[in-house]
Chemist: 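Dropping the structure in here first, questions after.
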Amino acid sequence: MADYDIARDFIPALHRPSSLLPIAKHREALLYLTETFPVVIVVGMTGSGKTTQIPQFLESAGWCADGRMIAVTQPRRVAATTVAARVAEEMRCTLGQEVGYSIRFEDVTSASTKIKFLTDGLLLREALVDPLLSRYSVIMVDEAHERSLSSDVLLGVLKKIQKRRPDLRIIVSSATLQAEDFLGFFTSSTGESTGDATAELGGSTGRIVSLEGRMFPVDIHYLTSPAEDYVDHAVRTVFEIHSQEGEGDILIFLTGREEIDSCIESITERIPSLPTESQGLLPLPLYAGLSTEQQMYVFEETPENTRKVIVATNIAEASVTIPGIVFVIDCGFVKLRAFDPATGIETLTATAISKAAATQRAGRAGRTKPGKCYRLFTESAFDSLDEASIPEIQRSNLAPMILQLKSLGIDNIARFEYLTPPPSELIIRALEMLYSLGALDDYARLTKPLGLRMAELAVEPMMARVLLSASDFGCLSEILSIAAMTTLQGSVWFQHEGEKKAMETSRWKFAVDEGDHLTLLNVYQAFVTKGKNDAAWCRSNHLNFKSMTKAVSVRNQLKRYMERFGINVDESLASREVLRAGGPDKAEQIRRCLTIGYFAHAARMQPDGTFVTVDGTTTLYAHPSSLMFNRKADWVIFHEAMQTGEKTFIRDITKIEKGWLTQYAPEFYKIRK
DNA sequence: GAGCACTGC
């Protein structure tokens with residue numbers, strides 16, 4: 001076991017211990033700045049109390065006196081609900097009264113609500129009905145440094161709103177030192193988002209406030225030479241920590257499920273070699289693909305005399321906080337999603353993390369007492385990392401964003417003020433896609449009512465088009481269910497420990513020849529007729545009860561949208577009968593209807609079972625979770641394509657006829673006619 | 001025979 005020595009392989013680096021000054025000291029300054037300047041940038045580490053305290057300061061200073069509210073946006077739903085509960089407790093009021101929250105499917109606010117926590121995506125949607133967000137006196141955008149697509153767009157929209165609402169106060173809160181970029185964004189008037197903030201620091205638009213965090217110091221250790229196999233290295237480091245360091249749990253950052261499983265396996269294999277008098281080791285996986293039940297294990301009390309080793313993806317970097325972590329082992333990589341505008345295919349690739357992310361990960365070790373972070377890379381590798389990762393807006397499919405901006409009346413997408421502008425290829429690709437879906441006209445204006453309705457629907461543009469065409473095909477009820485099911489993204493099926501075979505068998509029971517979409521419909525209909533509110537039924541059929549319940553909520557919401565558009569939803573047949581009651585013609589109508597939105601996602605199966613795109617340039621593989629993984633087909637459409645490693649996988653695949661492509665998308669396919 | 005980072009409306 002002494003084959004590995006931390007002192008030899010890692011060099012400690014100096015770490016500045018953080019001060020313990022509470023945010024209360026800054027109360028007067030914060031209120032003065034908010035009163036005086038339209039924009040205040042708050043820089044504060046986790047633990048500074050900014051999210052819970054600032055809204056209370058503002059409320060007590062009278063910012064809600066005129067009946068307006070203070071909005072605090074969060075990138076994640078859990079954060080919005082938990083922070084709201086915490087603030088309600090501190091203010092000794094019932095959640096939903098003076099303090100409330102609003103997330104999709106859950107609005108816990110009332111007429112007396114003064115402080116409202118909500119997701120940034122939801123606040124953007126509020127702008128659709130209230131373009132100046134006039135219900136709010138102050139809007140605080142929390143965690144803006146994460147640079148999510150919706151918080152970036154929100155900041156751009158807020159800057160625009162502020163020109164017409166000088167009374168509106170904007171607080172941007174960020175955990176890292178990107179404060180000057182944010183201030184520069186709000187102070188520049190040219191539309192150039194890279195404006196020089198320092199020139200404006202004494203100006204009248206905004207100010208930066210720095211808050212101290214309540215963090216314990218974390219010793220950083222680097223490798224002396226690069227790791228050949230970081231999973232193996234992580235395992236060895238665990239046992240070194242275990243034999244040489246004091247109490248405290250270990251958190252390991254790896255990139256994905258496969259690495260996590262193999263890491264846990266290696267740790268488990270080595271446990272018997274521990275000295276008998278040694279403390280025990282309990283390795284636990286943590287990634288989003290696990291059921292909530294399985295995720296909860298990491299929060300449970302560790303058995304007496306045992307050290308927890310949590311092996312996690314990036315989910316533990318910001319989304320999930322586990323108490324008791326004293327040691328962090330960081331592989332230095334993360335899997336990042338990106339969108340290739342040339343092919344329209346998404347990629348998922350392991351990428352080196354940024355310095356900001358490395359700091360955030362290390363900080364996970366210093367929440368309860370001084371900790372240590374072992375970086376599985378050298379200090380010079382750290383120095384060469386980017387300061388921050390590429391914002392989502394520069395690597396995503398922008399069709400949904402552009403549709404949203406257009407519906408907010410922002411017609412000139414190129415002149416919109418972005419925090420960082422997206423590459424023009426991404427914009428062009430998105431505009432082309434929206435045009436061929438009929439959401440935009442020849443002048444790139446939003447079509448009415450089609451484009452406007454597509455923007456309002458809370459699904460991606462291709463599915464929105466399908467939904468809005470479904471009543472013409474007489475299958476709206478079925479398409480509503482299919483649309484809801486595709487939002488679950490593979491979490492439909494639930495695999496119990498060692499029951500892989502049994503799950504496959506369950507899946508076959510619901511299989512429909514025409515493909516995955518109809519299979520999903522079959523599952524949904526079985527759930528609402530046989531399994532509703534019946535977790536045991538789901539369990540015996542290897543279905544994820546929580547996911548299925550979500551599908552029901554999504555479907556209800558989509559149905560309400562359709563009804564608001566004046567589109568009648570006939571549920572007489574579909575809701576109570578299984579698919580075949582509608583007959584084979586119904587199935588064909590559904591497949592035709594799917595083609596009207598997904599014509600750009602068409603492919604043809606080749607004799608070897610792989611697929612090729614219509615332009616013949618890309619080979620696609622059916623994802624193993626698809627029915628088409630081992631069935632014959634000719635032409636198909638698919639919900640999404642994702643490249644991981646060497647292969648590009650397609651999932652949610654349905655058989656179609658070639659002729660439907662030219663029939664429903666003549667413009668898109670005119671060249672190949 | 002073989003596989004999916006994380007959010008959000």
Chemist: Give the rounded distance in Å between these two atoms: CD of A:Glu143 and P of B:dC6.
Modeler: 18 Å
Chemist: If I take atom CH2 in residue A:Trp493 and atom P in nucleotide B:dG3, what distance separates them, rounded to the nearest angstrom?
Modeler: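 The distance from CH2 of A:Trp493 to P of B:dG3 comes to 21 Å, rounded to the nearest Å.
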Chemist: Looking at every strand, decide which applies to A:Ser148 at a 4.0 Å heavy-atom threshold: base, sugar-phosphate, or nothing.
Modeler: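 Nothing, no nucleic acid heavy atom in range.
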Chemist: Identify whether the distance between the nearest side-chain nitrogen and carboxylate oxygen of A:Arg651 and A:Glu640 falls below 4.0 Å.
Modeler: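 Yes, A:Arg651 and A:Glu640 are salt-bridged.
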Chemist: At less than 4.0 Å, is any side-chain N or O atom of A:Thr119 found next to OP1 or OP2 of B:dC9? Yes or no.
Modeler: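 So the side chain of A:Thr119 is within the cut-off, an N or O lying under 4.0 Å from OP1 or OP2 of B:dC9.
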Chemist: Given that A:Asp120 and A:Phe629 both sit by DNA chain B, which one's nearest nucleotide is further toward the 5' end?
Modeler: A:Phe629
Chemist: Rounded to the nearest angstrom, tell me the gap between atom CZ in A:Arg560 and atom P in B:dC9.
Modeler: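 So the two atoms are 14 Å apart, to the nearest Å.
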Chemist: Using a 4.0 Å heavy-atom cut-off across all strands, classify A:Ile315 as base, sugar-phosphate, or nothing.
Modeler: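 Counting heavy atoms under 4.0 Å across all strands, the contact made by A:Ile315 is with sugar-phosphate only.
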Chemist: Taking the side chain of A:Arg337 as heavy atoms from C-beta outward, which of B:dC9, B:dC4, B:dA5 is closest to it?
Modeler: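 Nucleotide nearest to A:Arg337's side chain: B:dA5.
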Chemist: Can you tell me how far C1' of B:dA2 sits from CE of A:Met642, to the nearest Å?
Modeler: 17 Å
Chemist: Scan residues 394-409 of chain A for pairs that pass salt bridge (charged side-chain N to carboxylate O under 4.0 Å, His left out), counting only residues two or more places apart or in two chains.
Modeler: A:Lys406-A:Asp411
Chemist: Tell me which nucleotide among B:dG8, B:dA5, B:dG1 gets nearest to the side chain of A:Arg77.
Modeler: B:dG8
Chemist: Closest to the A:Tyr287 side chain: B:dA2, B:dC9, B:dC6?
Modeler: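 Looking only at heavy atoms from C-beta outward on A:Tyr287, the closest nucleotide is B:dC6.
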Chemist: Does A:Asp513 come within less than 4.0 Å of A:Lys655, counting only side-chain N to carboxylate O?
Modeler: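 Here A:Asp513 does not pair with A:Lys655 in a salt bridge, since their nearest N and O are not under 4.0 Å apart.
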Chemist: As a test of reading the structure: which of B:dA2, B:dC4, B:dA5 is closest to the side chain of A:Ser625, going by heavy atoms?
Modeler: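 When the side chain of A:Ser625 is considered, B:dC4 is the closest of B:dA2, B:dC4, B:dA5.
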Chemist: To the nearest Å, give me how far apart CD (A:Gln74) and P (B:dT7) are.
Modeler: 14 Å
Chemist: Mind checking if A:Ile103 touches a base, just sugar-phosphate, or nothing, with heavy atoms under 4.0 Å?
Modeler: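 Result for A:Ile103 = sugar-phosphate.
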Chemist: For A:His601, check side-chain hydrogen bond (donor to acceptor under 3.5 Å, both in side chains) against everything at least two apart and list the hits.
Modeler: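 With sequence neighbours excluded, A:His601 shows a side-chain hydrogen bond (donor to acceptor under 3.5 Å, both in side chains) to no residue whatsoever.
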Chemist: One thing to verify: whether A:Arg564 and A:Glu456 come together as a salt bridge, which I'm taking to mean a side-chain N less than 4.0 angstrom from a carboxylate O.
Modeler: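 Yes, A:Glu456 and A:Arg564 are salt-bridged.
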Chemist: Kindly confirm whether the side-chain ring of A:Phe649 is stacked on the base of B:dG3, judged by centres under 5.5 Å and planes under 30°.
Modeler: no
Chemist: So A:Thr313, base contact, sugar-phosphate only, or nothing? Heavy-atom distance under 4.0 Å.
Modeler: sugar-phosphate
Chemist: Regarding B:dC6, can its base be found pairing with the side chain of A:Arg76 as donor and acceptor, where the two atoms are less than 3.5 Å apart?
Modeler: no
Chemist: Please check the phosphate of B:dA5 (OP1 and OP2 only) for any side-chain N or O of A:Thr255 closer than 4.0 Å.
Modeler: no
Chemist: What contact category does A:Gln489 fall into here, base, sugar-phosphate, or nothing, at under 4.0 angstrom with non-hydrogen atoms?
Modeler: base
Chemist: Could you give me the CA-CA distance, side-chain angles and deciding distance for A:Glu259 and A:Lys335, then say whether salt bridge (charged side-chain N to carboxylate O under 4.0 Å, His left out) is met?
Modeler: CA-CA 12 Å; A:Glu259 282 176 9; A:Lys335 276 188 189 167; over 6 Å; no
Chemist: Choosing from B:dT7, B:dC4, B:dC9, which nucleotide comes nearest the side chain of A:His623?
Modeler: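 Ranking B:dT7, B:dC4, B:dC9 by closest atom to the A:His623 side chain puts B:dC4 first.
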Chemist: Check the distance between B:dT7's C1' and A:Glu317's CD and give it to me in whole angstrom.
Modeler: 13 Å
Chemist: I need the CG-P distance between A:Leu128 and B:dG8, as an integer number of Å.
Modeler: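 It is 19 Å, rounded to the nearest whole Å.
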Chemist: Any N or O donor-acceptor pair under 3.5 Å from the base of B:dC4 to the side chain of A:Arg257?
Modeler: no
Chemist: Which nucleotide sits closest to the side chain of A:Leu122: B:dC9, B:dA2, B:dG8?
Modeler: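 The answer is B:dC9.
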Chemist: A:Met628 CE to B:dG1 P: how many Å, rounded?
Modeler: 21 Å
